[in-house]
Amino acid sequence: MPFSDKHLDWLKDTGKTLTTKDGIPIKVFKLQHTEDDVILSRWAKHFRNHYCLDEDIDMLRDGTGKSRSEYLNDLVFPDRSARPGPATRSGDFGEILVSDYVEYILKYWVPRTRFSERQNRSNPTQGVDVLGLKMLDPHNQSSDDELLIYEVKGRLTSNANDESKKRLEIAIKDSAKDFNIRKAESLNALKRYYNVRHESDKINIIQRFQNP
């Protein structure tokens, strides 16, 4: 089943805005899904492949005695009930959705390495939440090349209006924490990740942004 980004058609601009204390307007989007089994199935595949590729799952579960779903739910996905699993789940969902927005709507390359390498499935990955890179020419540097960094906060709550404002405030505050250090560490981690996999084309893009 091929990947489809049709789930992003459900991301609607509400026309509403929130305003920071500095007077900056923040657009508000709503994910408004419909009952479409084809889109939901393809989205589910896209989502779980962040944690474990479908082509790897049988090799990885071999020796565990677990079915595919048991392997994913018991050893890969953040725990659905024991803390901090539920919070990590909601955070991951937000990060993956924002990554999709940045990659498929804004057209940046977004590395997807934060979820598959965890030693503890319920502990969130440290570093920059979402990082987008764009080079006009992968082989030549340009002052027009761009690096985007997003601080993402997710929460499961029934009191959406109050909580969304709180999460926005926290995201703004946290985005200023050790900005240069976290950026440098995340770029270095990506470079190491792709070096192990001998993906030199991606390494060349990443190192473009290591020294502004």
Side-chain angles (χ1 to χ4, degrees), residues 1 3-5 7-8 10-11 29-33 35-37 39-103 110-131 149-171 173-175 177-178 182 185-186 189-190 192-193 196-197:
M1 182 179 296
F3 167 71
S4 170
D5 59 4
H7 62 281
L8 291 176
W10 295 336
L11 195 61
F29 289 81
K30 182 177 182 179
L31 186 66
Q32 191 166 352
H33 82 284
E35 296 301 324
D36 188 314
D37 290 341
I39 294 178
L40 286 171
S41 180
R42 289 178 175 174
W43 189 14
K45 173 183 172 69
H46 170 65
F47 192 86
R48 71 175 179 267
N49 276 197
H50 283 75
Y51 298 88
C52 175
L53 295 175
D54 284 358
E55 55 262 36
D56 292 341
I57 189 171
D58 287 332
M59 177 273 293
L60 292 170
R61 72 185 179 92
D62 190 24
T64 67
K66 296 181 181 294
S67 67
R68 291 175 178 175
S69 61
E70 288 171 339
Y71 170 76
L72 291 173
N73 287 316
D74 295 346
L75 298 177
V76 179
F77 297 150
D79 195 284
R80 68 171 60 247
S81 56
R83 298 176 64 185
T88 301
R89 279 186 170 224
S90 64
D92 287 359
F93 180 85
E95 289 180 19
I96 292 173
L97 185 60
V98 171
S99 295
D100 290 345
Y101 175 80
V102 174
E103 183 161 352
V110 180
R112 312 283 186 126
T113 64
R114 287 173 57 78
F115 311 99
S116 61
E117 302 299 308
R118 288 175 176 160
Q119 295 187 17
N120 185 322
R121 64 193 177 111
S122 291
N123 282 349
T125 307
Q126 301 300 306
V128 171
D129 293 337
V130 176
L131 192 149
I149 291 177
Y150 284 76
E151 179 75 22
V152 182
K153 297 296 182 186
R155 183 181 179 89
L156 295 174
T157 176
S158 59
N159 192 358
N161 290 331
D162 290 341
E163 292 299 335
S164 63
K165 292 179 181 179
K166 291 179 182 178
R167 301 306 286 171
L168 176 60
E169 291 173 2
I170 294 172
K173 291 178 180 177
D174 286 356
S175 66
K177 291 181 179 178
D178 297 326
R182 288 202 297 176
E185 290 176 342
S186 294
L190 286 172
R192 292 167 63 95
Y193 177 92
V196 171
R197 289 155 180 79

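Side chains are part of it too, since the values below use all heavy atoms of this structure and drop only hydrogens, waters and symmetry mates. Sequence positions, counted from 1, serve as the residue numbers for this chain.
More than 12 heavy atoms of other shown residues, nucleotides or ligands fall within 6.0 angstrom of atom CZ in R197. More than 12 heavy atoms of other shown residues, nucleotides or ligands fall within 6.0 angstrom of atom CD in E55.
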### Message
Evaluate Y150 against V110 for side chain to side chain contact (heavy atoms under 4.5 Å, CB included), listing each step before the verdict.
### Response
CA-CA 11 Å; Y150 284 76; V110 180; over 6 Å; no

### Message
Between D54 and R48, does the salt bridge (Lys or Arg N to Asp or Glu O under 4.0 Å) criterion hold? Intermediate values first, please.
### Response
CA-CA 8 Å; D54 284 358; R48 71 175 179 267; 3.0 Å; yes

### Task
For T125 and R118, run side chain to side chain contact (heavy atoms under 4.5 Å, CB included): C-alpha distance rounded to whole Å, both residues' side-chain angles, the deciding distance at 0.1 Å, then the answer.
CA-CA 7 Å; T125 307; R118 288 175 176 160; 3.0 Å; yes

### Task
Give the intermediate values and the outcome of side chain to side chain contact (heavy atoms under 4.5 Å, CB included) for residues D58 and R61.
CA-CA 5 Å; D58 287 332; R61 72 185 179 92; 2.9 Å; yes

### Message
What verdict does the side chain to side chain contact (heavy atoms under 4.5 Å, CB included) test give for D100 and R112, after you've listed the backbone C-alpha separation in whole Å, the side-chain angles of each residue and the deciding distance to 0.1 Å?
### Response
CA-CA 10 Å; D100 290 345; R112 312 283 186 126; 2.9 Å; yes

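R89 contributes atom CZ, which lies 8.5 Å from atom OG of S81 (distance to the nearest 0.5 angstrom). Separation of atoms CG (L97) and CG (L11) is listed at 6.0 Å; rounding is to 0.5 Å. Once rounded to the nearest 0.5 Å, the distance linking CG of L60 with OH of Y71 reads 4.0 Å. We find the CG-CH2 distance between L8 and W43 to be 8.0 Å, quoted to the nearest 0.5 Å. Between the CG atom in L75 and the NZ atom in K66 there is a gap of 5.5 Å [rounded to 0.5 Å]. Atom NE2 in H46 sits 13.5 Å away from atom CD1 in I39 (nearest 0.5 Å).
Not counting sequence neighbours, T88 has no partner by the side-chain hydrogen bond (donor to acceptor under 3.5 Å, both in side chains) test. E70 is linked by a side-chain hydrogen bond (donor to acceptor under 3.5 Å, both in side chains) to S67, counting only residues two or more places apart in sequence or in another chain. With sequence neighbours excluded, no residue satisfies salt bridge (charged side-chain N to carboxylate O under 4.0 Å, His left out) with D37. Evaluation of the side-chain hydrogen bond (donor to acceptor under 3.5 Å, both in side chains) rule for E151 yields K153, R182 as partners, not counting sequence neighbours. With sequence neighbours excluded, no residue satisfies side-chain hydrogen bond (donor to acceptor under 3.5 Å, both in side chains) with D56.
Between D92 and R114 there is no salt bridge, since none of the side-chain N atoms of the basic residue sits less than 4.0 Å from a carboxylate O of the acidic one. Note on R42 versus D5: no salt bridge recorded, every NZ/NE/NH1/NH2 to OD/OE distance being 4.0 Å or above.
Between the side chain of R121 and the main chain of N73, a donor-acceptor pair closer than 3.5 Å is present. Using a distance-only test at 3.5 Å, with no hydrogens or angles considered, a donor-acceptor pair links the side chain of S122 to the main chain of D79.
Between P78 and G85, the shortest heavy-atom contact is CB-O, 3.6 Å. Taking each heavy atom of T113 and L190 in turn, the nearest pair found is OG1-CD2, 3.3 Å. Closest of all the heavy-atom pairs between P111 and L131 is CD-O, 3.3 Å.
For residues 111-130, the set of pairs meeting the ring pair (Phe, Tyr, Trp, His ring centres under 6.0 Å) definition, not counting sequence neighbours, comprises H50-F115, Y51-F115.
Put simply, the side chain of F77 reaches to within 4.5 Å of the side chain of L72, judged on heavy atoms.
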